[in-house]
Number of protein chains: 2
Amino acid sequence: MNTLAEENYLKSIYHLSINAENVSTNQIAASLNTKASSVTDMLKKLADKALINYTKYQGVSLTSSGEKIAVNIIRKHRLWEYFLVEKLKFKWDQVHDMAEEMEHISSAELIDRLDEFMDYPQHDPHGEPIPDCNGRFKASELKPISTLSVHDSGTISGVRDHSSSFLQYLEKQQLTLGKKISIMEIVEFDHSMIIQMENKKEIHISREAANNLLIAL
Amino acid sequence: MNTLAEENYLKSIYHLSINAENVSTNQIAASLNTKASSVTDMLKKLADKALINYTKYQGVSLTSSGEKIAVNIIRKHRLWEYFLVEKLKFKWDQVHDMAEEMEHISSAELIDRLDEFMDYPQHDPHGEPIPDCNGRFKASELKPISTLSVHDSGTISGVRDHSSSFLQYLEKQQLTLGKKISIMEIVEFDHSMIIQMENKKEIHISREAANNLLIAL
DNA sequence: TAAAAAATTTAGACTTATCTAAATTATGAA
DNA sequence: TTCATAATTTAGATAAGTCTAAATTTTTTA
Ligand SMILES: [Mn+2]
Ligand SMILES: [Mn+2]
Ligand SMILES: [Mn+2]
Ligand SMILES: [Mn+2]
């Protein structure tokens with residue numbers, strides 16, 4: 001088994017790898033709230049364990065065994081988030097930090113039974129896909145509503161920013177997963193958007209918000 | 001917050017305190033599978049934090065704040081065990097090690113909602129009482145069936161030994177919580193007992209087993 | 001293409017939690 | 001009551017994970 005710190009590093013590298021082939025020391029340090037020197041130390045350990053490909057100064061990528069571990073942590077994270085929202089009735093903005101701890105509970109049988117107990121959910125409360133017990137999942141094909149044009153429409157299916165403040169704002173505006181919206185107007189000046197809900201109500205959202213609200217067409 | 005190691009020490013001291021006013025260094029070392037010297041180191045830290053009363057060579061006892069923390073860990077342990085058995089359908093001999101990890105999940109709100117979700121269970125799968133969110137619980141008034149006499153009867157309500165081997169043995173003999181039994185005979189020679197189940201079936205159990213099976217009259 | 005700036009690594013230190021071996025204190029049997 | 005033994009503590013190491021400050025390498029910019 002790997003330590004809690006190792007698991008968090010692998011998960012961070014996995015998430016950062018979505019944007020870039022190789023992940024830099026500073027990116028990892030920023031995402032884990034540590035110092036670059038601490039990251040370098042850990043990278044050596046992970047490389048020794050053959051969980052990452054690492055050459056000095058060149059950044060890192062996960063090996064396939066490192067990726068497997070990362071995906072498993074993410075599976076646990078997302079299943080626990082689903083549990084907290086669906087069974088314990090937490091709000092979607094409250095569950096991330098708890099899941100950050102729970103994702104390190106080691107038993108594979110526990111997580112598989114939890115998955116079964118909840119009837120194999122496909123997405124976590126933020127719309128992220130939940131890997132199955134073999135680590136397989138469909139990469140979500142969502143895109144920010146900021147990429148849409150006037151008259152386009154679709155269903156809110158994910159968020160890019162998981163911060164409490166953003167999620168609470170969305171909740172207040174009823175911009176929650178599953179809601180259908182269409183674009184009424186895009187303001188030239190600041191790229192803010194006026195969108196219409198199914199109940200015809202119109203909401204004005206900033207470019208920033210539009211960049212972080214994901215939609216399935 | 002306290003570290004995982006600190007929490008485990010407090011819990012161990014709590015359990016050992018049931019038999020004796022003061023708990024010895026060696027007792028703690030045995031229960032946590034560490035060395036006496038490691039225990040001494042930790043006792044100093046816990047004493048500095050005012051979680052235990054400690055004077056060199058004299059053993060330790062919990063302060064009220066130490067006890068509060070210990071009871072809270074035990075509450076979490078027993079609620080997670082109950083969850084694993086009642087919701088995820090694990091057997092009673094499978095859940096202890098998982099709960100040993102889960103008891104360290106920190107959120108109090110999480111555990112209170114879990115408690116509510118399961119409708120405030122009073123006992124864990126081994127018959128141990130579950131403290132409420134204020135740390136209150138009734139000390140169980142169970143006694144080993146080895147203390148009974150011929151013709152006495154009662155309901156199996158707990159086990160003293162939580163090892164897989166004992167629990168699996170009991171399961172196989174149908175000696176599970178809630179079953180009513182009565183004492184048919186006590187063998188002079190080795191203090192083994194012949195007990196009768198509700199269905200009139202008779203089972204012969206060793207003195208050792210009888211010492212570890214608890215009953216409510 | 002040579003500085004300057006930025007990124008990364010190394011050196012040395014600290015904390016937590018362990019350990020072994022040695023020293024000290026307590027205990028209980030003669 | 002004394003001394004051998006058992007229990008406990010201290011001394012000195014080690015490993016994981018982190019930090020600051022200094023050194024090194026890479027990248028950018030002029
Ligand atoms: Mn999350
Ligand atoms: Mn985590
Ligand atoms: Mn248990
Ligand atoms: Mn534990």
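Chain A is the first sequence line, chain B the second, and so forth, proteins listed ahead of strands; every chain is numbered from 1.
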Looking only at the side chain of [X] (C-beta and beyond, no hydrogens), which of the listed nucleotides [options] gets closest?
X     : options                : answer
B:N26 : C:dT18, D:dT18, D:dT8  : D:dT8
A:K45 : C:dT8, D:dG17, C:dA17  : D:dG17
A:Y57 : D:dT10, C:dT8, D:dG17  : C:dT8
A:K56 : D:dT18, C:dC19, C:dT10 : C:dT10
A:T34 : D:dC19, C:dC19, D:dT26 : D:dC19
A:Y54 : C:dT9, C:dT18, C:dT8   : C:dT9
A:T40 : C:dT8, D:dG17, D:dA21  : C:dT8

### Query
A:F117 ring centre to A:K87 NZ or CZ under 6.0 Å, with the angle to the axis within 45°?
yes
### Message
Just to be sure I understand the rule, does B:A36 reach a base, reach only the sugar-phosphate, or reach nothing, if contact means heavy atoms closer than 4.0 Å?
### Response
base
### Query
More 5' along DNA chain D: B:S24 or A:A5, using each one's nearest nucleotide?
B:S24
### Query
Quick one: on DNA chain D, does A:N33 or B:Q27 contact a more 5' nucleotide (nearest heavy atom)?
B:Q27
Spacing of [X] atom [atom1] relative to [N] atom [atom2], expressed in whole Å:
X      : N      : atom1 : atom2 : result
A:L43  : D:dT18 : CG    : P     : 12 Å
A:K35  : D:dT20 : NZ    : P     : 5 Å
A:N22  : D:dT27 : CG    : P     : 12 Å
A:K44  : D:dG17 : NZ    : P     : 14 Å
B:L4   : D:dG17 : CG    : C1'   : 15 Å
B:L46  : C:dA17 : CG    : P     : 9 Å
A:D41  : D:dA21 : CG    : P     : 17 Å
B:H104 : C:dA17 : NE2   : P     : 12 Å

### Task
Using a cut-off of 6.0 Å, state whether more than 12 heavy atoms not belonging to B:E208 lie near its atom CD.
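No.
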### Query
How many angstroms lie between atom NZ of B:K138 and atom CG of B:D132, to the nearest 0.5 angstrom?
10.0 Å
### Query
Are the charged groups of B:K11 and B:E7 less than 4.0 angstrom apart, N to O?
no
### Query
Can you tell which of A:V60, A:I28, A:N26 makes a side-chain contact (heavy atoms from CB on, under 4.5 Å) with A:V39?
A:I28
### Message
Under 4.0 Å from OP1 or OP2 of D:dG17: is there any side-chain N or O of A:S38 that close?
### Response
no
### Query
Within the modelled atom types, does a donor on one side and an acceptor on the other bring the side chain of A:S37 and the base of D:dT20 under 3.5 Å apart?
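Result: at least one qualifying N/O pair found.
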